[in-house]
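What follows is one structure encoded as structure tokens, with my remarks underneath.
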Amino acid sequence: MFRQCSYCDFEWHESDGKICPACGFDSVDLESEDESDSSGRAELNQGGAFGSGPYAKSQASCVVALAIMALVYFIVRFVLGG
């Protein structure tokens with residue numbers, strides 16, 4: 001099945017070995033884990049994938065600022081005929 005690194009939370013197939021390919025941490029958990037165990041541990045982790053973490057508002061404002069700058073750039077390029 002799959003292994004999950006207890007250090008960086010990376011998941012890989014057990015046929016790839018016991019060492020985490022992302023951080024190099026040696027996995028000591030030899031048992032396959034249940035999905036409920038993974039979800040319980042994920043609640044303790046302060047992740048933020050897809051704007052779901054504790055800094056979601058600041059990430060969203062940065063994305064909006066980047067989108068506005070890109071929009072202005074493309075409008076200027078279109079109007080000036082670049």
Side-chain angles (χ1 to χ4, degrees):
M1 294 297 283
F2 290 95
R3 295 184 180 270
Q4 191 165 11
C5 181
S6 59
Y7 182 72
C8 70
D9 204 37
F10 184 77
E11 189 172 329
W12 71 97
H13 197 268
E14 66 184 11
S15 67
D16 293 330
K18 294 180 182 180
I19 297 175
C20 175
C23 69
F25 188 75
D26 190 15
S27 174
V28 293
D29 184 19
L30 298 176
E31 298 178 10
S32 299
E33 64 180 25
D34 191 1
E35 286 293 325
S36 61
D37 295 339
S38 177
S39 65
R41 190 171 55 249
E43 289 178 2
L44 297 175
N45 190 3
Q46 293 284 327
F50 307 110
S52 62
Y55 304 110
K57 287 222 179 244
S58 64
Q59 289 175 352
S61 60
C62 289
V63 170
V64 168
L66 183 64
I68 290 172
M69 289 190 310
L71 181 64
V72 168
Y73 171 77
F74 286 121
I75 288 173
V76 168
R77 293 284 294 183
F78 180 72
V79 170
L80 295 179

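Index from 1, following the sequence.
Nearest heavy atom pair, residue W12 against residue C5, reads CZ3-N, 3.5 Å.
To the nearest 0.5 Å, the span separating CG on L66 from OG on S61 amounts to 11.5 Å. Here the CG atom belonging to L71 is positioned 11.5 Å from the CE atom belonging to M69, to the nearest 0.5 angstrom. Here the CZ atom belonging to F2 is positioned 10.5 Å from the CZ atom belonging to F10, to the nearest 0.5 angstrom.
Looking at heavy atoms from C-beta onward, R3 lies in side-chain contact with K18 at the 4.5 angstrom threshold.
Residues satisfying the ring-ring contact (aromatic ring centres under 6.0 Å, His included) criterion with Y7, sequence neighbours excluded, are F25. Taking the side chain to side chain donor-acceptor pair (under 3.5 Å) definition, one finds that S15 meets it with H13, sequence neighbours left out.
Grouping Ile, Leu, Val, Met, Phe, Trp and Tyr residues whose side-chain heavy atoms lie under 4.5 Å apart, directly or via other members, leaves V63 alone, with no other cluster members.
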